[in-house]
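This structure is a prediction, so every number in the text was calculated from the model and none was measured. In what follows, chains are A, B, ... by sequence order, proteins preceding strands, each numbered from 1.
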Amino acid sequence: MMSGHSGSPNLSSPLRTSIEVIGAKENNLKDITVEIPRDKITVITGVSGSGKSSLAFDTIYGEAQRRFLDSVSNFAKRRIGQVKKPNVTYVRGLSPVIAIEQKKANHNPRSTVGTVTDINDYLRLLFATVGVGSCPLCGAELHAVNASQLGEYICSLPPGTTVDLLSSAERVYGEDYDFLLEKIRKKGYKRLLINDQPYDLADKDETLDENIDYHIEIVLESFQASGAIYMQVVKSIEAIMSTLEDDIYLRLKITANRDSDSASTRGSQPNSRRDKDNNFTHFGCPEHLYLLLETNAHHFSFNVPASACETCLGVGTSHTVEPSFLVVNPEKSIMKGALHSVLFNTSSQSSYRFVIAYSLAQKYNFSLDTPFHLYSEEIRDLLFYGTKGETLPMVQPPFVEKRNWLVGRDRAFRGYVNDLERWYRNYLRHSGNADTHEPTFVKSLMIEKTCPACGGARLKSSRLKVTIGGKNIYELCCLQFPELIDFLHQQTFPAKQKVIAESIIREVTTRLQLLVDIGLDYLSLGRRSDSISGGEMQRIKMSTQISSELMGMLYVMDEPTIGLHPRDSARAINILRKLRDIGNTVIVVEHDLDTIRSADYLIEVGPGAGIHGGEIIACGSPEEFTAAPHCLTGAYLRGAKQIPLPTVRRKVGDACITLQGAKENNLKDITLDIPLGLFVCITGVSGSGKSTLVFETLAKNLEVLQRQARIVPGQLDFIFGYEEISHVVIIDQSPIGRNSKSNPATYVGIYDRIRHLLANTAEAVARGYTPLDFSLTHANGTRCEHCSGDGIIVTNLQFMADIETVCPVCKGNRFSAEGMEISYNGKNIAEVLQMTVEEALIFFADQRLIKHKLGIMQELGLGYMTLGQSATTLSGGEAQRIKLSYELGKIKRGSHNLYILDEPTTGLHCADIENLLASLQKLVDQGHSVIVVEHNLDVIKSADYLIDLGPEGGKNGGYVVATGTPEEVAQVAHSYTGKYLQQVLGS
Amino acid sequence: MTQREKHQAALDSFVAQVKDDPNVMVLLLAGSLSYGEVWAKSDIDLTMLVRDGSISQNLTLVVDSDGIDIVLTLEELSRFKGRIQSWVGGDYTHNYFAKGTVIFSRDASFASFFNDARRLGKEDAILAFLSRGSDLIHQMHRVEKWVTIYGDLLYAQRFLQWCCTEVAHMVLLQHGETPTRESIRRALELEPLLMQELYIIPSTTFMSKEELLHSLQIINDYLTLHQKWWSSPILQLLSDGEIKTESHICKYLRIPSGMLGWLAEKGVIDRLVEPSRLFKKSKTVVEEIAYVFVGNPPAELRA
């Protein structure tokens, strides 16, 4: 124990063992004071909206971050977004804080698991230091050489020997040779070898045939060996390495000086070196004189333009035109607007495109007045992919008055698809210049496909020729983590590289092992970040934190087990323990009972949501907590409360959607029936293919079939039985709006009605107000123009946090004084928006529609929410429930909708899950179908029918493991879900 | 001592002074001492190529050697090589070096590089011809305007003399030579009849309206006669049948637009318009001049 020195002020108080929060009033918190033990795992729980996040994130994390940032220099602060001071009297005992939330990774297609975990950096370093190249002709190993080594070699050759430095050049996919030659010339090279024959760009003696693949090499530099120019040779090679940027392989062409000693004559034929006794053997191919230049980590980064594939620019996918998108109205004829207006604008008859279409119709005997969907496959192929070189005479359409310039000539037609793709490539080639169209419309007609040049590897081909253990960097990024760890462990390196290689490999494998330990073994480094869930991203961040091995930190996390199958929850809990054990404080907002049981300390915020919450109901060790009498979570923990099993399960009827041959991502060509009219739950361990099956395959195919949506659905052979479905409704956790003026009232559609009520009051009519005048987005109405209806003014204070102050004009009411003079039943518009759902339910008791919609929100546990709460402040779970209530509020009788929900229990306390389940059951009772992707056992056990995918994640998943009622699935021995179901079903 | 000997002595003295510096890789002599006659007011044009990394940017300075000015340009060897190779030859700068001499080189391979760089490539000659041609077309339009609109024949004759200079350069290019300030004298040897009409007559007589218009016709005939040769890069670029905007063609071939209009006027290629946005965020679509080559002209044009 530390103690203060006598005679000096006692600055060091006894070692603090807790974080004290005093007078927290943020959001709905009711001036609470709470003590959280340090170096322990503390779970904060409570019903949704009770104020858990306000305590953990807004108060503790917000204050710790603010204080930390306060300590950095003003210079640095200018580059950091500042945080505002939370509404709390004092927080003591804080440490540097890291919040690990469930935010989805960014949507940048360049972001991968490898880049977000920084493992790619190490892997790139590994390739740059110990990667070996191979001679393209004989496959001999090439070890990297630097400019000095190469310079030394050149200068060591017999004086007068001529050495040409050559580098290969390849055509960019889809571009012609001229494009390549022009690029080479602009870089400052004009001498080439084409198929070993000299070719001068200043002459271009021969036109290159686009249909032939030539072996093109650039003559980068020629030297005549001499010791006197050693420095210049080295400098020249360095200059080449920087101008050339993209090539790391060189070939030497050595021509002996005919005048020099005949014994050293090596002939004028390139590369005809007879002796292999020189230095070259150590780094290059002695037979073909290929060598690999020294590489840096950036040579293997697809985010560096010089290293990235030139076709996809490092994204791994490129855009190709999707023919089906070109036909916007298949039931119409070309003349009536079947095709996209970019290809065929029916109102512009003088266009040459009319001449082409008419000429095609004449030559190939079809009519432009036939509905497009009646065209044969041959005609479609002709229109999309052209005449394949065959020319046809261009004839004047009789219905066009003005003679077109094309008429009278013979011309081949390349096809609409090819035309647009060339157009797009032309744009890319000249992007940034004004001489081409914006490609937006082209993009709207295109889909993302694996890049045809690099096959998704994202890098230039020269980079992929550098390997470790026979595999290039892309191949390693495709391996699932356990395979990659094994592969790296098996590698052996020469003595001089051993130390470096092993230290890098250790860094990589340690990080990979953490990801495996946390249950992400089915991922690979190359997996795109935008394809992984918020939960997976959170676990990746957790593992990154552990690998940092910092101690004394404060981690604040949001539901770390979300998205995890019960089988894997224990792994996430282990990570939390590891973080604690290395000396950190972990605060977790969580609903999962297993995690709650594993905590060292528990806090329940409640008792209700919104204004009914914000108080500390119980806190203490799990034992104390479980015994606490008013504690709702405690009741669930000790089993006093639980979600009951449904008394009867609906029986599978005849109606079902059949998916045949689903093979998107890891789905193994599976065929399955999804019964309709039931509550169906899709289960399986993370990465088993649930989302691919439900969202990519089922939902997208249905959207294409029913609404002709312009999206590319998951691969599938056939789909039957969807005719029964009226609408497919996907209810996800994305925000309901990104505008601060969107709110629950506007989303569920009651705000229009409220505005009408206000605008119809006698006073409003007398003043000439219309419903629009009560809109927050409508300028010059009744909203406060000083704050544009935001209620707050944000002041930018440069290197200090932006300060939000209540608008001095409207005092935070968001409406002008005149507007607030209008009242309905004694409440003005601002007061109405400040009402909670449950208050509004009473206030609008006589308004049937409003009452109906608010009633549904109340049932879904949203009673605490104010009508005007800004959409930007809603959690994902809240947004999802608002969407659900909107759907429940508008359903028509007699229709059969298919509702698809992804993990709807996110952010829900056990008590809220009961409400949610009741709503879902209600949907099914009304004749709809519900499909839920879920890990929560309370939801799974309540479903009528389960489809369990697996058995594992990644490539070992994608099979249907079990189907049937929860009781039936519980009996399937090899189903992980079944195993855990047995526990909750008590079977 | 002749003037040439004095200049040569000054140069030798300077070379002796600098050649032991290991950073000096190459000395290139250009200007009149390299290929013409020098007189008392001539300076010496010298380019010093230095080892990479010795200077951060090109420098030009004038030094004194035995009372004679040496205009010295310094450049890094690699940068010089890159610059020379990326250039499209056939302009004055190319000529400056084409007529130059390597007077010192530490790098034995430089001589062959320099010999190659001095040569005017066939493709480069055409591109340079197209650039000169564009200027020529503008001057021809001026001659026509001053004859037909202003009626100022003397001023039109002045523009015709400018046309003559361009044609002389183009004649040299067509013969694989780089244009120089003596192009007209050389063109008189290569195309005496043409230059008689465009150089001797306009320089020695007052021309009538008919004579001026006749001279323009002669230039047109000259362009027509060699059209197949000089239009080849344009037709090659347009050979895919795609409509390409003027700005695209000019940027791609690194030429001005004048000769495109001439080809369209003669019906070799077609001039159309393509919708285009002036800048990325522009809301307005304008119609940009574009060209297309569809190979065979329509029957009536063939007739």
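Heavy atoms closer than 4.5 Å to chain A are found in the side chain of B:I243, but not in its backbone. Residue B:R83 does not touch chain A at all, counting heavy-atom pairs closer than 4.5 Å. Within the 4.5 angstrom heavy-atom criterion, atoms from both the backbone and the side chain of A:R191 approach chain B. For chain A, no part of B:L253 is nearby; none of its heavy atoms comes within less than 4.5 Å. Contact of B:N23 with chain A is not made at all, since no heavy-atom distance falls under 4.5 Å. In this structure, the portion of A:E221 lying under 4.5 Å from any heavy atom of chain B is its side chain and not its backbone.
Of all heavy-atom pairs spanning A:K186 and B:S86, the tightest one is O-CB, 4.0 Å. Here the shortest heavy-atom pairing between A:F179 and B:Y252 reads N-OH, 3.2 Å.
Put simply, of B:P22, B:S109, B:A125, the one with the most heavy-atom pairs under 4.5 Å next to chain A is B:S109. Per-residue counts of heavy-atom pairs under 4.5 Å with chain A were compared for B:V292, B:L120, B:L127; the largest is that of B:V292. Per-residue heavy-atom pair counts under 4.5 Å with chain A were compared for B:K244, B:E246, B:K122, and the maximum is reached by B:K122. Of the residues considered (B:A108, B:G89, B:S112), B:A108 shows the highest number of contacts with chain A, using heavy-atom pairs under 4.5 Å. Note on B:R106, B:Q236, B:R119: by heavy-atom pairs under 4.5 Å with chain A, the leading option is B:R119. For chain A, the option among B:L237, B:D107, B:V88, B:D124 with the highest count of heavy-atom pairs below 4.5 Å is B:D124.
A side-chain donor-acceptor contact under 3.5 Å links B:Q85 to the backbone of A:G188. A:Q232 places a side-chain N or O within 3.5 Å of a backbone atom of B:D52 that can act as its donor or acceptor partner.
From A:R409, atom CZ reaches atom CZ of B:F293 across 9.0 Å, with rounding to the nearest 0.5 Å. In this structure, B:S54 OG and A:M231 CE are separated by 8.5 Å, a value rounded to the nearest 0.5 Å. Separation of atoms CG (B:D116) and OG (A:S222) is listed at 9.5 Å; rounding is to 0.5 Å. Residue A:R185 holds its CZ atom at 6.5 Å from CZ of B:R254, rounded to the nearest 0.5 Å.
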Requested in this report: Mind running side chain to side chain contact (heavy atoms under 4.5 Å, CB included) on A:Y352 and B:L272 for me, showing each step along the way?
Outcome: CA-CA 10 Å; A:Y352 70 96; B:L272 338 148; 5.8 Å; no

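Other residues, nucleotides and ligands contribute at most 12 non-hydrogen atoms within 6.0 Å of the CZ atom of B:R271. For B:K19, the NZ atom counts as loosely surrounded, since its 6.0 Å shell holds 12 or fewer non-hydrogen atoms of other residues, nucleotides or ligands.
At a heavy-atom separation below 4.5 angstrom, chain B is approached by A:D200, A:L201, A:A202, A:D203, A:K204, A:D205, A:T207 within residues 200-210 of chain A. Applying a 4.5 Å heavy-atom cutoff, the residues of residues 73-80 of chain B that approach chain A are B:L77, B:S78.
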